[in-house]
There are 2 protein chains.
Amino acid sequence: MNELDIVKKLQRLAGPVKGISLGIGDDCAIYRPRPNEELLFTADQSIEGIHFFPALAPAIIGHNALARSLSDIAAMGGEPRFCLVSLAVPSGRGAKFIDGFYRGVLALARRTGTSLAGGDLAHSDKIYCDVMVCGSAPRGKALRRSGARPGDLLCVSGRLGKPWGRRIQPRLELGRALRGRTTSCMDLSDGLALDLHRLALASGVAARVDRVPLARGATLERAVHGGEDYELLFTLPSRSAPPRGTTVIGNIIEGRAGVVMFRGKPLPARGYDHFTEG
Amino acid sequence: MNELDIVKKLQRLAGPVKGISLGIGDDCAIYRPRPNEELLFTADQSIEGIHFFPALAPAIIGHNALARSLSDIAAMGGEPRFCLVSLAVPSGRGAKFIDGFYRGVLALARRTGTSLAGGDLAHSDKIYCDVMVCGSAPRGKALRRSGARPGDLLCVSGRLGKPWGRRIQPRLELGRALRGRTTSCMDLSDGLALDLHRLALASGVAARVDRVPLARGATLERAVHGGEDYELLFTLPSRSAPPRGTTVIGNIIEGRAGVVMFRGKPLPARGYDHFTEG
């Protein structure tokens, strides 16, 4: 199988690409924006030994590689439009891995209305991939990290501290349902402690956490400082009712920007940060 | 230096981002399309040991990582708008490498009007990066691979067989100047033989090459089968004058789709294909 064969196969598997007037097989994919839409862009890497272990089924590796980027689209309240998937694999794992990987990508892509519009293929020592997703939101309606105000309710979807290696479920429906209702929103990729610190910093506020909904079998340490939950963390004006399936875990408070209090004590902004040594 | 520090530094270096209403530091970058524009998307990987050797200066690695994707925008006649840069580096090469790399990226980005809108940072065993570029073209005006017709002149820009490790210069001005003049266009990333085969296949035609403009010190083998030239390969209606700085190297002919004849003999479609073994 050479690159042309793989590209031809992907063209067939990807099917007709909604909204994409030119997809896989030319130098670029072409997208025609619709009137009044605002486009959201995110890219996330998935690296063997860092984000997953090579024993994980290729279809789950592919699913999660796309799911990580879709989670960012969910966090902004967007609808996914298309993705570009860049993949590098060791030559020894060639065709079979690529097949399983793209089956995982395409099953989730289909379910979420995301077209596979292109990408890049290469060889490397380890499995490496990077998925760019373009999403869409009505002009001015995308959710941001920066609008939380003292008094707001602090909420999360689902439960925290979930095991790694499962299929990540991006909260796309919830994200869209939150448009016009939240004051701020982001997804939990690096753990509640670090991500809430980031949200509070971006909003120029402090936050107080009173309780954390634990996943089955999770420790509190993992739920607070572990990564890869891909739930939504968001704030609502104080009198709002939190949507079904979400939990109020605390409040936004006055204080030094970025400070997070957990049951009365400051919570260190420690979680999954690739660039903190030690 | 942790991820927040790096992101803050990049926000400062990237400066105000033209056309991007929300850039580095939220879950997604936001782009507001302009009326009547068509958006072009491409992603290209640059991997240590495959696309470059680690001894290469970090600024050149960064420059070339962006230049590879800009070359695809040039091939479609687009103007670059913004890029997302995903980078993974070994922890031992951390801050200093990242600094040099982004200096290289940002210098070329500034010169070509490309905003750095976001991306992803991670650790890995080797240097790995993937650059997505979004470009823009007036609706319906993007150049494609698929319009070459028998009788057309076959042209390339510049000279072929250039040494690796130099700073790649994407042919953005030429690409824009070719809008409305070419019948097909692509960039030469994997060598003339393989890329011309792809163009001919996409257009459903054959091609004949009579001469090849050699770079200083290049062998004919390297000019025909080597990769990384990043010149434009394009076809013009037969009575056109080729633009300054480009050379007529042959013609489009009738024949089996994808066949390339070189000085009377079929040229094997062999070049830099990551997925051909041996």
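Each chain gets a letter, A, B and so on, in the order its sequence line appears, and its residues count up from 1. Keep in mind it's a predicted model, so treat the numbers as computed, not measured.
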* To do: Locate the shortest heavy-atom distance separating A/F97 from A/L87; write the atom from each residue and the value.
  => CE2-CD1, 4.2 Å
* Answer with side chain, backbone, both or neither: which region of A/L84 has an atom nearer than 4.5 Å to a non-hydrogen atom of chain B? => side chain
* Interatomic distance, A/I47 atom CD1 to A/K126 atom NZ [nearest 0.5 angstrom] -> 10.0 Å
* Side chain, backbone, both or neither: which part of A/I73 has a heavy atom under 4.5 Å from chain B? -> both
* Best-contacting candidate, A/P35, A/S86, A/A43, against chain B by heavy atom pairs under 4.5 angstrom -> A/S86
* Can you tell me how far CG of A/D44 sits from CG of B/D130, rounded to the nearest 0.5 angstrom? -> 11.5 Å
* In terms of heavy-atom pairs under 4.5 Å with chain B, which of A/T42, A/D72, A/D125 leads? -> A/D72
* What part of A/A142 is in contact with chain B, defined as an atom under 4.5 angstrom from a non-hydrogen atom: side chain, backbone, both or neither? -> side chain
* Asked: Using a cut-off of under 4.5 Å for heavy-atom pairs, which of B/L40, B/L199, B/V133, B/D187 has the most such pairs with chain A?
  -> B/L40
* Determine the option with the most heavy-atom pairs under 4.5 angstrom with chain B, choosing from A/R139, A/M186, A/E37. => A/R139
* Under 3.5 Å, is there a donor-acceptor pair linking the side chains of B/R34 and B/S136? -> no
* To do: For the residue pair A/F41 and B/Y31, categorise the inter-ring angle as parallel (less than 30°), tilted (30 to 60°) or perpendicular (more than 60°).
  => perpendicular
* Asked: Atom CZ in A/R68, atom CG in B/D120: separation rounded to 0.5 Å?
  -> 10.0 Å
